[in-house]
Amino acid sequence: MQHASCEHNKKFTLELLNYLVYNHFMTEQQKRLVRIVLQAIESFNLCEDYLISHDLSERCICSKFAQYLDREIQSSEFVGYKTDIEYNRGCAGNEYALKRMDDGKLMVADLIVHKRGYDANYGFDNLICIEMKKCSKESKLRSDLERLKKMTTNDYGFCYKIGLMLVANACDGKLEIYKKFYNEHC
């Protein structure tokens, strides 16, 4: 059951934000994007712990989190960007092409924030890619972590500004950032 004061209970300490966000290699834009995700996580955790503590599916948790993230995106400087789940189009300058790696494997993240389509002057405008798991065992995360790493480089044409591995921690019913990736060349 959602709490009536979920939206009003966002409590962030400056120390926590600085600890989680600070990385002298990140751009100011990347730091703002991480803060937006942290705000969405905090709101989600205040209102949706039931989903994690009752072991609902990863897709269920991810789709509900997408709503919180989209709300934060739309109330930020990034208004107009879209939050999509398992969006699988846009590669090599073709907005209809499936996202694939050089070896032909599909490249689809659980959740992305981007501008849909391809702009002839600017290319693809990709902000955030997120992978989500219900378990933090490294062996289960390995392929998702590798995907995020590739999606946050310019080598493959995806050029996401940040990539985040989120883990739904069943012990405390909370969604958490497990690992961050950022594009050093954006």
Side-chain angles (χ1 to χ4, degrees), residues 1-13 16-17 20-21 29-90 95 99 106-117 124-136 140-141 144-145 147-148 151-152 158-183:
M1 182 170 185
Q2 288 191 357
H3 302 99
S5 61
C6 285
E7 288 302 309
H8 302 290
N9 284 336
K10 292 182 186 176
K11 294 181 181 177
F12 295 101
T13 64
L16 176 63
L17 277 175
L20 292 171
V21 173
Q29 181 189 50
Q30 290 168 324
K31 290 176 185 179
R32 290 191 306 273
L33 290 169
V34 172
R35 283 188 188 103
I36 287 169
V37 174
L38 286 170
Q39 290 168 337
I41 289 171
E42 182 72 15
S43 295
F44 177 90
N45 285 341
L46 285 170
C47 302
E48 305 296 345
D49 60 320
Y50 180 92
L51 299 178
I52 297 171
S53 63
H54 285 78
D55 199 29
L56 275 89
S57 74
E58 179 185 309
R59 286 183 183 160
C60 176
I61 295 166
C62 188
S63 67
K64 182 53 79 173
F65 175 70
Q67 294 172 9
Y68 285 85
L69 180 57
D70 191 60
R71 189 176 310 136
E72 295 295 334
I73 290 291
Q74 297 311 316
S75 65
S76 76
E77 67 190 273
F78 303 104
V79 65
Y81 283 81
K82 304 296 182 189
T83 304
D84 286 315
I85 297 170
E86 297 196 19
Y87 192 87
N88 65 349
R89 296 287 188 250
E95 66 185 278
K99 290 183 179 182
L106 286 177
M107 181 65 81
V108 181
D110 291 336
L111 177 62
I112 63 171
V113 177
H114 65 135
K115 286 200 174 173
R116 294 178 186 150
F124 292 109
D125 193 354
N126 297 323
L127 292 180
I128 303 168
C129 56
I130 294 174
E131 288 289 348
M132 186 178 292
K133 284 286 185 243
K134 290 172 46 175
C135 173
S136 62
K140 295 191 179 258
L141 303 177
D144 287 349
L145 292 169
R147 183 178 303 111
L148 289 170
M151 292 180 85
T152 54
F158 302 116
C159 307
Y160 284 88
K161 308 294 188 269
I162 63 170
L164 300 167
M165 181 76 235
L166 302 184
V167 174
N169 185 337
C171 295
D172 61 6
K174 304 248 184 255
L175 195 59
E176 303 167 334
I177 294 178
Y178 178 81
K179 189 155 186 173
K180 293 183 292 198
F181 296 89
Y182 59 94
N183 188 326

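Within the model, atoms NZ of K161 and CD of Q29 stand 5.5 Å from one another, a figure rounded to the nearest 0.5 Å. Atoms OG and CD, on S53 and E48 in that order, are 10.5 Å from each other to the nearest 0.5 Å. Atoms CG and CZ, from L111 and R59 in turn, are 13.5 Å apart once rounded to the nearest 0.5 Å. Note that CE of M132 and CE of M165 are 8.0 Å apart. Values are rounded to the nearest 0.5 Å. Rounding to the nearest 0.5 Å gives a distance of 14.0 Å between NZ of K179 and CG of L166. Rounding to the nearest 0.5 Å places CD1 of I128 at 12.5 Å from CE of M151.
Using a distance-only test at 3.5 Å, with no hydrogens or angles considered, no donor-acceptor pair links the side chain of K174 to the main chain of I41. For the pair Q74 (side chain) and G80 (backbone), a donor-acceptor distance under 3.5 Å is present. In terms of modelled atom types and a separation under 3.5 Å, the side chain of Q30 and the main chain of N183 share a donor-acceptor contact.
For the pair L46 and Y68, the minimum side-chain heavy-atom distance is 4.5 Å or more. In this structure, L141 and E131 have side chains that are not in contact, with every pair of non-hydrogen atoms separated by 4.5 Å or more. Contact annotation: the side chain of L145 approaches that of F181 to within less than 4.5 Å [non-hydrogen atoms, C-beta and beyond]. With a 4.5 Å cut-off on side-chain heavy atoms, F44 and I61 count as touching. For the pair I52 and N169, the minimum side-chain heavy-atom distance is 4.5 Å or more. Between D84 and R116, the closest side-chain pair of non-hydrogen atoms falls below 4.5 Å. Using a 4.5 Å heavy-atom cutoff, the side chains of V37 and V113 are not in contact. Within the 4.5 Å cutoff, no side-chain heavy atoms of I130 are placed close to those of D110.
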>> With side-chain contact (heavy atoms from CB on, under 4.5 Å) as the criterion, how do S43 and E72 come out once you've worked through the C-alpha distance, each side chain's angles and the decisive distance to 0.1 Å?
In response: CA-CA 10 Å; S43 295; E72 295 295 334; 4.0 Å; yes
>> side-chain contact (heavy atoms from CB on, under 4.5 Å) for L69 and I36? Distances and angles first, verdict last.
In response: CA-CA 7 Å; L69 180 57; I36 287 169; 4.1 Å; yes
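Nearest heavy-atom pair across G163 and L148 is CA-CD2, 4.1 Å. Summarising the geometry of I112 relative to A109, their closest heavy-atom pair is CG2-CB, 3.9 Å, with the distance given to 0.1 Å. In this structure, C60 and L51 approach most closely via the heavy-atom pair SG-CD2, 4.0 Å. The two atoms that bring L175 and F65 nearest to each other are CD2-CD1, 3.5 Å, heavy atoms only. Among all heavy-atom pairs drawn from C129 and T152, the shortest one is SG-CG2, 4.0 Å. A pairwise comparison of heavy atoms in S63 and I85 identifies CA-CD1, 3.3 Å as the closest pair.
Considering T83, L33, I162 in turn, L33 is the only one that fulfils the side chain to side chain contact (heavy atoms under 4.5 Å, CB included) rule with L127.
Aromatic ring orientation, F78 versus Y81: perpendicular (interplanar angle above 60°, classes split at 30° and 60°).
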